[in-house]
Amino acid sequence: MSDSTASLRRKIGTADDLQSVVRTMKAVAAAGIGQYENAVHALDDYYRTVRLGLVACLRQTEPASAMPALRQDDGAIVAVVFGSDQGLVGQFNQVMVDFVVTTLGALPGQKTLWAVGERIRSRLTETNLLLGKSFILPNSIGAITPLVGQILIEVETLREKGGAARVYLFHNRPTSGSVYAPVSQRLMPLDDAWRHELAAMHWPTHQLPQVMNDKEATLLALVREYLFVSLFRACAQSLASENASRLAAMQRAEKNIEELLEDLKRTFHRLRQSGIDEELFDVVSGFEALTKSQ
């Protein structure tokens with residue numbers, strides 16, 4: 001009995017230590033979700049302002065002559081894919097890979113993948129799609145801006161060489177019904193459908209806007225901001241989804257540990273009570289034997 005209870009004590013102690021680690025990781029994941037979601041929400045007003053500025057510019061400027069990003073083209077495709085380099089996120093990367101393969105399979109033209117994260121890149125090597133650039137996945141809000149700058153520079157360089165006409169973003173986004181869901185966004189070119197969508201936006205006042213001075217320069221500046229905010233939001237949403245997936249995994253682990261602890265403690269108390277009963281029986285039997293002998 002002593003060996004059994006000692007073994008159970010060790011198991012209970014190990015489970016308690018593991019439960020403390022899981023709770024710490026839960027707190028870290030929850031803090032990460034709040035950090036990245038707050039970053040996305042902080043950009044909402046600015047994103048809306050940029051879109052309204054584009055509405056004002058596109059009403060007064062011929063977009064086709066302003067920038068290559070505004071020209072319709074059905075050439076090669078570059079897909080920027082955001083993944084996760086952290087553990088305990090379940091099928092986060094595999095879900096994204098399956099979504100990328102399915103989505104790009106329905107599109108014509110040559111496809112090249114730019115992976116953000118080493119683990120998603122290793123998963124993408126198992127597909128038949130061509131791999132191109134790779135980027136280091138940021139681990140903080142402050143590291144997102146340099147990443148976005150690198151991607152925009154590479155996109156512009158590639159377009160100047162005539163190497164890509166369409167750019168798509170693939171990332172996971174937090175959802176209310178489940179932990180996250182994979183989504184895609186056509187980043188470039190900003191075609192007629194995109195311009196018509198902007199033109200349908202309701203202007204918040206009764207006075208129509210006017211663009212002063214150089215209209216094309218203003219349009220170019222707003223397009224650059226639009227591309228930057230779109231990439232920043234995609235990266236922040238992907239990181240928030242990663243932390244949400246880890247939080248869900250930690251919640252499941254915590255529940256399993258609690259159930260295991262309950263079983264171990266129940267077994268421990270049963271063995272301990274059984275040992276106490278045996279000792280009492282021995283005392284009673286010894287007393288009875290001593291009484292009869294006297």
Side-chain angles (χ1 to χ4, degrees), residues 1-38 40 82-99 117-120 122-123 126 137-141 171-182 236-294:
M1 190 273 292
S2 60
D3 292 339
S4 299
T5 55
S7 175
L8 284 172
R9 281 196 184 97
R10 288 194 297 270
K11 291 180 180 180
I12 291 172
T14 302
D16 284 332
D17 293 340
L18 185 58
Q19 188 178 48
S20 299
V21 173
V22 168
R23 286 175 176 171
T24 301
M25 295 185 68
K26 271 183 60 181
V28 172
I33 294 173
Q35 176 187 12
Y36 295 116
E37 286 186 342
N38 289 338
V40 174
F82 291 88
S84 169
D85 278 346
Q86 302 295 326
L88 301 173
V89 291
Q91 297 297 312
F92 190 92
N93 288 325
Q94 189 58 50
V95 169
M96 176 52 59
V97 170
D98 294 341
F99 179 70
E118 289 299 324
R119 291 192 177 185
I120 191 71
S122 65
R123 291 292 183 93
E126 301 173 1
L137 190 70
N139 55 8
S140 66
I141 291 293
H171 62 94
N172 285 310
R173 181 177 62 189
T175 58
S176 57
S178 56
V179 177
Y180 59 85
Q237 288 178 346
S238 178
L239 292 171
S241 300
E242 173 190 312
N243 282 275
S245 178
R246 187 175 300 109
L247 177 61
M250 291 301 99
Q251 288 173 336
R252 292 192 296 269
E254 185 178 38
K255 181 179 179 181
N256 292 335
I257 292 172
E258 289 176 351
E259 293 176 353
L260 176 62
L261 274 172
E262 185 178 350
D263 291 340
L264 289 174
K265 289 178 179 179
R266 187 185 301 113
T267 303
F268 176 81
H269 292 312
R270 185 172 63 251
L271 286 175
R272 187 176 179 85
Q273 187 61 47
S274 176
I276 293 173
D277 292 342
E278 290 178 1
E279 292 174 357
L280 288 175
F281 290 148
D282 291 341
V283 171
V284 172
S285 298
F287 177 77
E288 291 179 349
L290 181 62
T291 301
K292 290 180 179 179
S293 65
Q294 290 178 351

Could you grab the distance from atom [atom1] of [X] to atom [atom2] of [Y], nearest 0.5 Å is fine?
X	Y	atom1	atom2	answer
Lys265	Phe268	NZ	CZ	10.5 Å
Leu18	Asn256	CG	CG	10.5 Å
Asp98	Gln91	CG	CD	8.5 Å
Ile120	Met96	CD1	CE	6.5 Å
Leu264	Leu8	CG	CG	6.0 Å
Asn139	Gln86	CG	CD	7.5 Å

Using the side chain to side chain contact (heavy atoms under 4.5 Å, CB included) rule, pick out the option among Thr14, Leu260, Thr24, Leu261 that qualifies with Gln19.
Leu261
Compare all side-chain heavy atoms of [X] with those of [Y] and state whether any distance is below 4.5 angstrom.
X	Y	result
His171	Arg173	yes
Thr267	Arg270	yes
Glu262	Glu258	no

Which atom of [X] lies closest to which atom of [Y], heavy atoms considered:
X	Y	value
Asp85	Glu118	OD1-N, 2.9 Å
Tyr36	Ala236	CB-O, 3.6 Å
Ile141	Gln35	CG1-NE2, 3.3 Å

Got a sec, which residues hit side chain to side chain contact (heavy atoms under 4.5 Å, CB included) with Ser241, two or more places apart in sequence or on another chain?
Phe92, Asn172, Pro174, Tyr180
Table please: side-chain donor-acceptor pairs of residues 242-254 below 3.5 Å, with sequence neighbours left out.
from   : atom 1 : to     : atom 2 : distance (Å)
Glu242 : OE1    : Ser84  : OG     : 3.1
Glu242 : OE2    : Arg246 : NH2    : 3.1
Asn243 : OD1    : Arg246 : NH1    : 3.4
Asn243 : ND2    : Leu239 : O      : 2.8
Ser245 : OG     : Val89  : O      : 2.8
Arg246 : NE     : Gly87  : O      : 3.2
Glu254 : OE1    : Lys26  : NZ     : 2.7
Glu254 : OE2    : Arg23  : NE     : 3.2

